[in-house]
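Input: a single structure, listed below in structure tokens.
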Amino acid sequence: MMQKKLQVEAIQHGSVIDHIPAQQGVKILKFFKFTQTNEKITIGLNLSTHNGKSKDLIKVENTFISDEQANQLALFAPNATINQIKDFKVVNKFPVQLPSSFIGVLACPNSNCISHNEPVKTRFYVNNKSVLKLKCHYCEKSFQRSFFTELD
Amino acid sequence: MNNPLYQKNIISIADLSRTDLELILQTAHSLKQTPQPELLKNKVIASCFFEASTRTRLSFETAVQRLGGSIIGFDSGGNTSLAQKGETLADSVKVISSYADAFFMRHPQEGAARLASEFTEIPVINGGDGANQHPTQTLLDLFTIYETQDTLDKLNIAFVGDLKYGRTVHSLAQALSLFNCNFYFIAPDALAMPDYILEELTDKGINYSVHASIEEVVDSLDILYMTRVQKERFDETEYQHIKSAFLLNAQMLTNVRNNLKVLHPLPRIDEIHNNVDDTPYAYYFQQAQNGVYARQALLALLLTNQFQLEV
């Protein structure tokens, strides 16, 4: 039987985030502060897929992505899947789901919004029609995803 | 009766249901007919204007005094130590609200009233937050429409002037969409109603149409809501060319419905000619006066659980 060669080395325990759109992998590493952990991380950038498009992929040893983290992934990779690995086997696999709101992860694009200089967490409500829009809890303005920057 | 608005915040018109709106309008009507000069006796209301607004402040503070309440506060943020010392709004609200029974505020930044409501237990009333919301203006507009038409349902309402930047028309259109009205929008292309408002109306199944001049629709209207086209948004030649389509004079009201009322949030400049003032259709000064009753209604409902309507 012909063995399929993995593009990124397998991990024993941990999480695999798959189907990340190309160019988003590094952003996700930074956002989740995976670069500050001592765990082994392997990444693949611009990997080829069977539909001809490129994708990124992240494998993190000894780390299991929480539901909250999985929801936040939707900001970068709405079609990503998360695989939980134990002893080199996939024991759980689930798609990223858009939450109803994002709390404390994005800055409001409206520079006159009160959330910028007060002791509150930002909050945006998801309006998922044809295009993903997020509405600010405070200033009530809606913006497309591309207008947002992530908070540090 | 127990009322559902007792101790609630009034931040955004979108937070209010049709039932809430009707209760506020009935209460405003009742207080206009039957003054209650003792209702807020021993209540202290904070009136905090982090940004100056003479008309809204005077109207609100009159409302408090007509109900027998007392006022603390300031008329411009720049005059206070809060701005000079760089205190956060959250801290200012915590301190001031510990002195008062309700907190009325105007602030130059969007979202300020929502944020304030998260740092106090007393009711917060938004008197305008930047370009976002000004719900008490919307309530006085609704009350005036209700008072002059005996209903809010299925009215023909035209909005004229600056429909792009005017938060007044955005909030009023959103509130009236609960009552199945027909909307006519009349504005220069550069100041047209924003797409997101039109999308909301479409989603709610509301009829609306866009017109080039007041005269196209004026004869079939119940309410003509005028706003100012700001001259500074155009060059002089362009302004002279477009302005005639968005100005109202008495001659244009020859064949209108008897129940038509012309409204305007004021101040007006030249968009309503003085000769309209003498027609039976002019109602903008009564509208401004209704601001006192609409704000009295909110205070009565937020601070009095057992408030009895005298209808």
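Chain identifiers are assigned alphabetically (A, B, ...) following the order of the sequence lines, protein sequences preceding nucleic acid strands; residue numbering begins at 1 within each chain.
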Portion of Tyr196(B) that has a non-hydrogen atom of chain A nearer than 4.5 angstrom: neither
More than 12 heavy atoms of other residues, nucleotides or ligands under 6.0 Å from [atom1] of [X]: is that the case?
| X | atom1 | result |
| --- | --- | --- |
| Asp15(B) | CG | yes |
| Gln12(A) | CD | yes |
| Phe147(A) | CZ | no |
| Lys53(A) | NZ | no |
| Gln23(A) | CD | no |
| Glu150(A) | CD | yes |

Where on His116(A) is there a heavy atom nearer than 4.5 Å to chain B: the side chain, the backbone, both, or neither? neither
Checking side chain to side chain contact (heavy atoms under 4.5 Å, CB included) between Glu118(A) and each of Val93(B), Leu89(B), Asp91(B), which is the one that passes? Leu89(B)
I would like to know whether Tyr138(A) and Asp129(B) meet side-chain contact (heavy atoms from CB on, under 4.5 Å); could you show each step before the answer? CA-CA 10 Å; Tyr138(A) 291 102; Asp129(B) 60 325; over 6 Å; no
To check you understand the geometry: which heavy-atom pair defines the closest contact between Glu140(A) and Arg114(B), and what is its length? OE2-NH2, 3.5 Å
Nearest heavy-atom pair of Cys139(A) and Glu110(B): which atoms, and what distance? CB-CB, 3.4 Å
Rounded to the nearest 0.5 angstrom, the CG-CG distance for Asn110(A) and Asn132(B) is 9.0 Å
